[in-house]
Q: 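Handing you this structure, nothing more for now.
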Amino acid sequence: MLGVLTLLSLSSLVAPLPPKSGRPVLCRRCCDHLEPAEGSGAQPPSAGFSHVPEVRTYINMTILKGDKGERGDRGTPGKAGQEGLSGSRGPMGPKGSKGQAGHPGDPCKVQHSAFSVGRRKALHSLESYQALVFDTVFVNLDGHFNMFDGKFVCRVPGIYFFNVNIHTWNFKETYLHIMHNAAEQAIVYAQPSDRSIMQSQSLMLELGPKDEVWIRLYKRERENAIYSDDVDVYVTFNGYLIKGSQED
């Protein structure tokens, strides 16, 4: 009895289905009214919009960027351009620090030559020329002056200064020459006088090796003499090198 009641209750809750008709009922969605039927060719409704927005394709290139390639070969250099104008001179830079001392150099070779001699005896002219010979040495550096023949012999080529001083004889003529080898260079002369005087002559000569400089007394055709004595030196002859031609 209980089972019959239960079946009756369930049947009352089930709604009766409508009778089937010959035309099938299509299922519609809530948005079907916004889309045209397929194949109709109609445009979908704009749903209130005045125009359809344009759609453009955007590609993110950073996504497509590949790895960095290897460096290519260097190209051939181009033609040189025209030379530009010289720029203005820049300011002077700061003073540099003091450099290191160099290696010691070779010592300079300094050459010297000098003499100073005197005569204590008087001398009278003869039939021939006479070389004035000296008997007193004041200076004779390296023996360049030959005391035996009264001649200076050049050992160091260069320019020399020479000077001769003599004392004249009363009432006699004084006539001498400063000689360079066999050539007369300068005269020492005094006319006869009742008073003796001191005479002097100086000059410079450029000498080569073995050149000779000496004093010559004139021969007797002209009576002449020089004065001196054993007490004082009245006659002197001096010379020295000013500048050597081979100095370093």
Side-chain angles (χ1 to χ4, degrees), residues 108-247:
C108 296
K109 185 178 181 181
V110 180
Q111 298 174 307
H112 300 281
S113 182
F115 72 92
S116 179
V117 294
R119 181 182 174 94
R120 295 178 180 273
K121 296 180 181 179
L123 183 64
H124 294 266
S125 60
L126 300 175
E127 297 297 331
S128 60
Y129 296 109
Q130 297 181 76
L132 202 59
V133 179
F134 298 86
D135 50 32
T136 303
V137 176
F138 300 109
V139 173
N140 189 9
L141 193 61
D142 296 327
H144 293 180
F145 189 87
N146 189 333
M147 295 295 294
F148 295 100
D149 56 16
K151 295 181 179 180
F152 169 74
V153 181
C154 178
R155 307 281 181 82
V156 182
I159 299 175
Y160 285 79
F161 174 83
F162 295 98
N163 167 263
V164 59
N165 299 282
I166 59 97
H167 192 283
T168 65
W169 198 293
N170 293 356
F171 304 105
K172 292 188 178 182
E173 187 178 42
T174 302
Y175 191 3
L176 302 98
H177 281 106
I178 300 177
M179 306 292 294
H180 178 195
N181 296 327
E184 302 167 352
Q185 299 297 313
I187 189 172
V188 183
Y189 180 78
Q191 293 181 335
S193 172
D194 58 351
R195 298 180 59 185
S196 60
I197 58 174
M198 294 291 298
Q199 290 286 84
S200 179
Q201 182 64 279
S202 302
L203 79 166
M204 288 190 295
L205 295 173
E206 185 172 2
L207 305 181
K210 298 183 180 181
D211 280 356
E212 295 178 339
V213 180
W214 51 291
I215 308 299
R216 187 188 70 180
L217 184 65
Y218 207 77
K219 54 189 176 180
R220 177 164 285 180
E221 65 183 49
R222 306 180 66 140
E223 183 67 25
N224 67 90
I226 57 174
Y227 176 82
S228 190
D229 60 32
D230 296 335
V231 179
D232 297 311
V233 177
Y234 287 89
V235 180
T236 59
F237 184 30
N238 314 283
Y240 57 87
L241 176 67
I242 296 177
K243 183 179 184 302
S245 58
Q246 296 180 351
E247 288 183 354

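Because the structure is predicted, anything quoted here is derived from the model rather than measured.
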Q: Going by the side-chain hydrogen bond (donor to acceptor under 3.5 Å, both in side chains) test, which pairs reach into residues 128-142, not counting sequence neighbours?
A: Arg120-Thr136

Q: Run the side chain to side chain donor-acceptor pair (under 3.5 Å) check on Tyr189 and Gln201 step by step: do they pass?
A: CA-CA 9 Å; Tyr189 180 78; Gln201 182 64 279; over 6 Å; no

Q: Could you measure the distance from the CG atom of Asn224 to the CD atom of Gln191? Nearest 0.5 Å is fine.
A: 13.0 Å

Q: Phe115 and ring-ring contact (aromatic ring centres under 6.0 Å, His included): which single residue from Phe134, Phe152, Phe138 fits?
A: Phe152

Q: Specify the closest pair of heavy atoms between Gln185 and Met179, including all atoms of both residues, with the distance to one decimal.
A: CG-C, 4.3 Å

Q: Looking at His180 and Asp211, what are the two nearest heavy atoms and their distance?
A: NE2-OD2, 3.2 Å

Q: Mind checking the CG-OH spacing from Leu176 to Tyr218? Nearest 0.5 Å is all I need.
A: 12.0 Å

Q: With side chains defined as the heavy atoms from C-beta onward, is the minimum distance between Lys219 and Ser125 less than 4.5 Å?
A: no

Q: List for me each residue that meets ring-ring contact (aromatic ring centres under 6.0 Å, His included) alongside Trp214, sequence neighbours excluded, and say none if there are none.
A: none

Q: Passes side chain to side chain contact (heavy atoms under 4.5 Å, CB included), Lys172 versus Glu223? Steps please.
A: CA-CA 7 Å; Lys172 292 188 178 182; Glu223 183 67 25; 4.0 Å; yes

Q: In Å and rounded to the nearest 0.5 Å, what is the OG to CD1 distance from Ser202 to Ile178?
A: 7.0 Å

Q: Before giving the answer on side chain to side chain contact (heavy atoms under 4.5 Å, CB included), spell out for Leu132 and Arg119 the whole-Å C-alpha distance, their side-chain angles and the decisive distance to 0.1 Å.
A: CA-CA 9 Å; Leu132 202 59; Arg119 181 182 174 94; 4.1 Å; yes

Q: If every non-hydrogen atom of Met147 is compared with every non-hydrogen atom of Val137, which pair is closest and at what distance?
A: CE-CG2, 3.3 Å

Q: Side chains of residues 232-239: which donor-acceptor partners sit under 3.5 Å, not counting sequence neighbours?
A:
from	atom 1	to	atom 2	distance (Å)
Thr236	OG1	Asn165	ND2	3.0
Asn238	OD1	Ser116	OG	2.5
Asn238	ND2	Asn163	OD1	3.3

Q: Nearest 0.5 Å, what's the CD-CD1 distance between Gln199 and Ile226?
A: 12.5 Å

Q: Considering residues at least two apart in sequence or located in another chain, which fulfil the ring-ring contact (aromatic ring centres under 6.0 Å, His included) criterion with Tyr240?
A: Phe161

Q: Is there a side-chain contact between Ile159 and Leu241 (heavy atoms, below 4.5 Å)?
A: no

Q: Locate the shortest heavy-atom distance separating Pro157 from Gly208; write the atom from each residue and the value.
A: CB-CA, 4.4 Å

Q: Parallel, tilted or perpendicular: which fits the ring planes of His177 and Tyr175, with parallel below 30° and perpendicular above 60°?
A: tilted

Q: According to salt bridge (charged side-chain N to carboxylate O under 4.0 Å, His left out), does anything in residues 187-210 pair up with another residue at least two apart or in another chain? List the pairs.
A: none

Q: Using 0.5 Å steps for rounding, measure from the OG1 atom of Thr168 to the CE atom of Met198.
A: 9.0 Å

Q: Using the rule given for side chain to side chain contact (heavy atoms under 4.5 Å, CB included), can you reason through Ser113 versus Tyr160, listing the C-alpha separation, both sets of side-chain angles and the distance that settles it, and then say yes or no?
A: CA-CA 9 Å; Ser113 182; Tyr160 285 79; 3.6 Å; yes

Q: Output every pair passing side-chain hydrogen bond (donor to acceptor under 3.5 Å, both in side chains) with a member in residues 146-155, not counting sequence neighbours, ordered by first then second residue.
A: Asn146-Asp149

Q: Compare every heavy atom of Ala225 with every heavy atom of His124, then report the nearest pair and how far apart it is.
A: ND1-CB, 3.5 Å

Q: Out of curiosity, Tyr227 OH to Thr174 OG1, how far, rounded to the nearest 0.5 Å?
A: 13.0 Å

Q: Assess whether side chain to side chain contact (heavy atoms under 4.5 Å, CB included) is satisfied between Phe162 and Leu205, documenting all intermediate values.
A: CA-CA 8 Å; Phe162 295 98; Leu205 295 173; 4.2 Å; yes

